[in-house]
Protein chains: 2
Amino acid sequence: MKKISILGSTGSIGVNALSVIKNFPEDFRVIHLTGNLNSEKMIEQGKEFLPNTITMIDEQAAGKVKSGLKELDIEVFTGREKLLEVANDKNIDLVLNSLVGAFGMEPTLKAIENGVDVALSNKESLVVAGDLIYNAMDNSGANLFPVDSEHSALWQCVHGELNEDIEKIILTGSGGPFRTREVNTFSSITKKEALKHPNWVMGQKITIDSATMMNKGLEVIEAFWLFKMNTSKIEIVVHPQSIIHSMVQFKDGSIKAQLGVPDMKIPIQYALTYPRHLPSNWERLDFTNIIDLTFEAPNIERFPCIALAYKALNKKGSAAAVLNFANDYSVFRFLEEDIKFTDIPKIIDLAIDNHQWIECPNLDDLKELDLWTKDFVKNFD
Amino acid sequence: MKKISILGSTGSIGVNALSVIKNFPEDFRVIHLTGNLNSEKMIEQGKEFLPNTITMIDEQAAGKVKSGLKELDIEVFTGREKLLEVANDKNIDLVLNSLVGAFGMEPTLKAIENGVDVALSNKESLVVAGDLIYNAMDNSGANLFPVDSEHSALWQCVHGELNEDIEKIILTGSGGPFRTREVNTFSSITKKEALKHPNWVMGQKITIDSATMMNKGLEVIEAFWLFKMNTSKIEIVVHPQSIIHSMVQFKDGSIKAQLGVPDMKIPIQYALTYPRHLPSNWERLDFTNIIDLTFEAPNIERFPCIALAYKALNKKGSAAAVLNFANDYSVFRFLEEDIKFTDIPKIIDLAIDNHQWIECPNLDDLKELDLWTKDFVKNFD
C-alpha cells in the first residue's frame, strides 16, 4: 500500500486523483491533503478519505474545515509553512503535487530531497528549478512521474525504449480558443473569451496559459528536463481535437503516440500506478463513431509565448524561471482585467531581457528573482 | 554480425529489406536469397550482396541467374525442395520470410524448428499453421518478429508492457480502393480496378486481399497468434490515410499507436534490428503540412471477408487454414478474370462450411486440406 500526499487536492487534478484512488482502495492510503480556499470540497474529501492531516493555505478556510471535521481524528493546519512541512514528511511514498504556479516548486524540491517520489502536475517546478530538482534527484534517488497529459504520453511512448534511439519529441497542443482568430484582434481579447477552452476543463491560470499557448512553452521546458532532450529536438504540433496527447519520433522514423479521450484521470492513474495500466472504467475512445484528427504547425505570430519559451531555454540559467514568474504575474494582471492579452508576452520578453541573469540559481536566488519579477510586472504600464 | 536469409528477395518486401541491410553493412551478412521468376532483379541482388546461394523456384529463371552470375562464387539452385533446404539451414541467425501465399508456411516452420528466428512477412504462415508454429517455438526457443506494418505497430506499442494490461488490439486498415463504393456494384469490380491501391505498392495477391479486406481478416488471425489475444479483443478500424499503422488499448483506457509514412522499410528495419530504432534516413512524417487522419468502423456488408476471418477463428482447428487456401485460389481465379469479385467471399465461406474439420491439423493434414480446397475452388461455378 502506497502512502500518498495530495498537494492541491480540491483543484481539478486533485479531485480526479482522488477518483482514481477511490478505485484502488487496497493500493493507496491518503496521509495528507492540502487546499487553498475551498473548505466545502475539503470537508467532503476529509470525510471520505480520512487523511492524517489537512492543510488549508487560507486561515478562514482552515477554520471552517476544522469545525466541519471536528468529529474526526484529522489534524487541520493553515499557512504556507505548514504546507512545506507536509511536503517534507519522509514517511510518504508518493507526493502528488498539483499546486498551481511557481508556489508549487519548493514542495517538489523538498519531497525529492527527502527521497520521496513526486507525481508532478505542477509544471512550474521544473520550469523554475529544473537544475536544482535534477541535482536533488541524483543525490536522493527519488523519481519524478509526469501527470500532465502531454508528458504522461511521452513517458508512455518511451517506456521500454533507449534514450539514444529517440530522434525528437512532438508535443501536441489544442491551439486553445484562439487558434484561428485573426492576429490583429488579439489585443482586444477579453478575460471571458480567454477562459473558454475547447477541450479541457481546468483552473483559470492554466486556461489562460492555454489561450496564450504559454502552456505549450512551459511544457517544452518541462520536456527538456524530463526527457533530457536538446531544445532543437522538442517540437510543438497543433492538434485541435486533443486526442493524441503527444508523440515520440525514433531514429528509424517510427513514431509512437499515446491517445485517448481528454480525461486527466488516465495520466493521473498512470503516474500513481506506473508502470501498470490497471483496469479502470474511464471513458474509452470510440472508433465506431467517425473520428477526425488534424495537425498543423503552430503560428508563432499569434502565439509569441512559444518562441519565448525556446528563447528562455536557449539562454539557460535563470531565464526560464523569470519567464515563469513573469507569466504568473502577468496572467494574474490579465485576470484582474488590468492589462491586455497581448501584454502578457511583451512583459515576459522584457522581464527575460532585463533581469540580472544567473547561471545556476539556488533557492534564495529564485526567491529574489521572483520578487524582482513581481515588481517588474506590477510596474508595467 | 547477423547471418540472414531472405526468402522472396525480388518481391517488394525483399527489395526493401535489402535497402535496409545496405544501410547497416556492419550488422548483416546475406547468406541465402530466393526468388521466383525475376532473374534480372536477382542478378542485380547477387552482384551487390554476394550471398552464398541463390534459389529460383522457376527453372528457366535459375538458368538465367546462373549464367548472369557465373563469374561469382554463388551457388544457384532451383525448385521448391531447394528453397525448403535453404530455410532449413541451421547456421543462419535470422530468416526473413517474404514469400507470398500459403507456400510460405513450411519454410517458417522449418526455420523455427531449427531454432532460427523468423522475421515474418508471410502472414499465411500463422493463419494456416499458427498452432504448429507456436508449438515449434515452445520447443526450440526461436522467435517470430512481425514485418507487416500493422503487426510491427502492435509489437512496438506493447514493447515494455505487460500482456495482462492489454485491453484490446486495434488493427487499422486503409479500407482499400472500394471503401466508399456502392455495395450493389461490387459484383462488377474488374481486376484492373481491384489492383489500384490508394496507399501501398504491393504484389498482386496482397493488393486484391486489400481490396476485399481479407488482408485485415488474415491480420486478425495473425494478431490472435502473435499477441495471444482473444478474438473478441481484436478490432478493425478503417483509417484511409494509412498513417497510424495500428494501436493497442490498455486496461486504463490509454491507447498507444505507432505511426509514420506508409513505407515498409520502417517495420522491416525494426524486425531486423529489434529492439533498437537505429538511425536511418527514411522519409519522415511532416507535421508542418496539414495532416488529417480519419477513422470509421469497417462495413461488413461491403467486406464480408472480415466476418469470415472471425468465423474461421471461432471455428478453430483447420477452419483458418481452409479460409486461407480458399482465398489464395479464388484470388488466383479472380486475377485470371475467371470469377467475380463477390465470388471470392462466397467460395471461402462454402469451403469453410464444407471441408472435413480437423481439430489439430498436422503438416500432412494441411497439405491434404490444401489439395481439397484447390479442387473445391476450381470446381466452383
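Computation of the quantities below employed the complete heavy-atom set of this structure, encompassing side-chain atoms and omitting hydrogens, waters and symmetry-equivalent molecules. Every chain is numbered from 1 and lettered A, B, ... according to where its sequence line falls, protein lines coming before strand lines.
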**Q** What closest approach, in Å, do A:Ile6 and A:Gly14 show between heavy atoms, and which atom pair accounts for it?
**A** CG2-CA, 4.2 Å
**Q** Looking only at heavy atoms, which of residues 278-287 of chain B get nearer than 4.5 Å to chain A?
**A** B:Leu278, B:Pro279, B:Ser280, B:Trp282, B:Arg284, B:Leu285, B:Phe287
**Q** Salt bridge (charged side-chain N to carboxylate O under 4.0 Å, His left out) for B:Lys216 and B:Glu150? Distances and angles first, verdict last.
**A** CA-CA 9 Å; B:Lys216 280 312 120 185; B:Glu150 291 81 358; 2.7 Å; yes
**Q** Within the 3.5 Å criterion, strictly below it, is a donor on B:His277 or A:Asp165 matched to an acceptor on the partner's side chain?
**A**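 B:His277 vs A:Asp165: no donor-acceptor pair found between side chains.
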**Q** Do B:Lys2 and B:Asp27 sit within salt-bridge range, that is, some charged N less than 4.0 Å from a carboxylate O?
**A**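 No salt bridge links B:Lys2 with B:Asp27.
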**Q** I want to know whether B:Trp155 and B:Phe145 have ring centres closer than 6.0 Å.
**A** yes
**Q** Count the heavy-atom pairs under 4.5 Å between each of A:Leu162, A:Leu259, A:Asn23 and chain B, then report the option with the highest count.
**A** A:Leu259
**Q** Among A:Glu296, A:Arg276, A:His159, single out the residue with the greatest number of heavy-atom pairs under 4.5 Å to chain B.
**A** A:Arg276
**Q** I'd like to know if the side chain of A:His151 pairs up with that of A:Glu219 as donor and acceptor (distance under 3.5 Å, no hydrogens or angles considered).
**A**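 Result is no, nothing qualifies.
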**Q** Scan for side chain to side chain donor-acceptor pair (under 3.5 Å) pairs involving residues 225-236 of chain B, sequence neighbours excluded, and state none if there are none.
**A**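 Those involving residues 225-236 of chain B are B:Lys168-B:Glu235.
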**Q** To the nearest 0.5 angstrom, please state how far the SG atom of B:Cys305 sits from the CD1 atom of B:Ile300.
**A**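 That separation rounds to 10.0 Å.
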**Q** Please identify, among B:Ala153, B:Pro298, B:Gly160, B:Pro275, the residue contributing the most non-hydrogen atom pairs under 4.5 Å to chain A.
**A**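 When all of B:Ala153, B:Pro298, B:Gly160, B:Pro275 are compared, B:Gly160 has the most.
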**Q** Shorter than 4.5 Å, heavy atoms on both sides: which option in A:Ser254, A:Ala297, A:Gly260 has the most such pairs with chain B?
**A**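 Top count of heavy-atom pairs under 4.5 Å with chain B: A:Ser254.
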**Q** With chain A, which of B:Lys265, B:Gln269, B:Met247 has the greatest number of heavy-atom pairs at distances under 4.5 Å?
**A** B:Met247
